[in-house]
Amino acid sequence: MVLNIQVIAPDRTVWNTNAEEVILPSSTGQLGILSGHAPLLTALDIGVMRVKINKEWTPIVLMGGFAEVENNKLTILVNGAEEISEIDEEKAQENLDNAIKNLDDATSIKDKIEATQNVRKARARLQAVNTLTLN
């Protein structure tokens, strides 16, 4: 059996494909999904989703959202998503360095929250790139 995956961002459908397995960055930790999974609704954190297709893992960066599993269909509604082909490793590292500096320099609570989110996004992009090079 296969698992149908749809990743939907506000501006586009990022993915609509079948896969063997998915690992999601849920708000409570990594969550593995296989075909036949029990119905589930979970919040997603900023992080890397890994999708196994034809025995190969593909990472996708998710910017938080929700996932629903039902009848071998995984529907993921996200605030944003980036495929690995959209990420440049050097630029991602530079963005992480800048985000960390901005977090260190932040003085207001609002600035600290925004800077923390930017650090998490930058780390997820680098993690996705590094996951690809490990495969």
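In this text, all values refer to a predicted model and were calculated from it rather than measured experimentally. The chain is numbered in sequence order, starting from 1.
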Would a 4.5 Å heavy-atom cut-off, applied to side chains only, mark [X] and [Y] as touching?
X    : Y    : answer
D45  : L24  : no
L3   : V22  : yes
I46  : K121 : yes
N18  : I53  : no
L62  : V7   : yes
L126 : E89  : yes
R50  : Q30  : yes

>> Just checking L41: does its CG atom have more than 12 heavy atoms from other residues, nucleotides or ligands closer to it than 6.0 angstrom?
In response: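 More than 12 heavy atoms, drawn from other residues, nucleotides or ligands, come within 6.0 Å of this atom.
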>> I'd like to know whether CG of N54 has more than 12 heavy-atom contacts from other residues, nucleotides or ligands below 6.0 angstrom.
In response: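 Counting other residues, nucleotides and ligands, CG of N54 stays at 12 neighbours or fewer.
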>> Please check: side-chain N/O of N72 versus main-chain N/O of G36, any donor-acceptor pairing under 3.5 Å?
In response: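 Confirmed, N72 side chain pairs with G36 backbone.
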> Counting only N and O atoms by type, is there a donor-acceptor contact under 3.5 Å from the side chain of E21 to the main-chain atoms of G32?
Replying inline: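 Judged by distance alone, no pair lies under 3.5 Å.
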> How far apart are the C-alpha atoms of R123 and I100, what are their side-chain angles, what is the distance that settles it, and do they pass the side-chain contact (heavy atoms from CB on, under 4.5 Å) test?
Replying inline: CA-CA 10 Å; R123 281 191 176 138; I100 290 171; 4.2 Å; yes
> With sequence neighbours left out, what residues match K101 under salt bridge (charged side-chain N to carboxylate O under 4.0 Å, His left out)?
Replying inline: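 Per chain and number, K101 pairs via salt bridge (charged side-chain N to carboxylate O under 4.0 Å, His left out) with D105.
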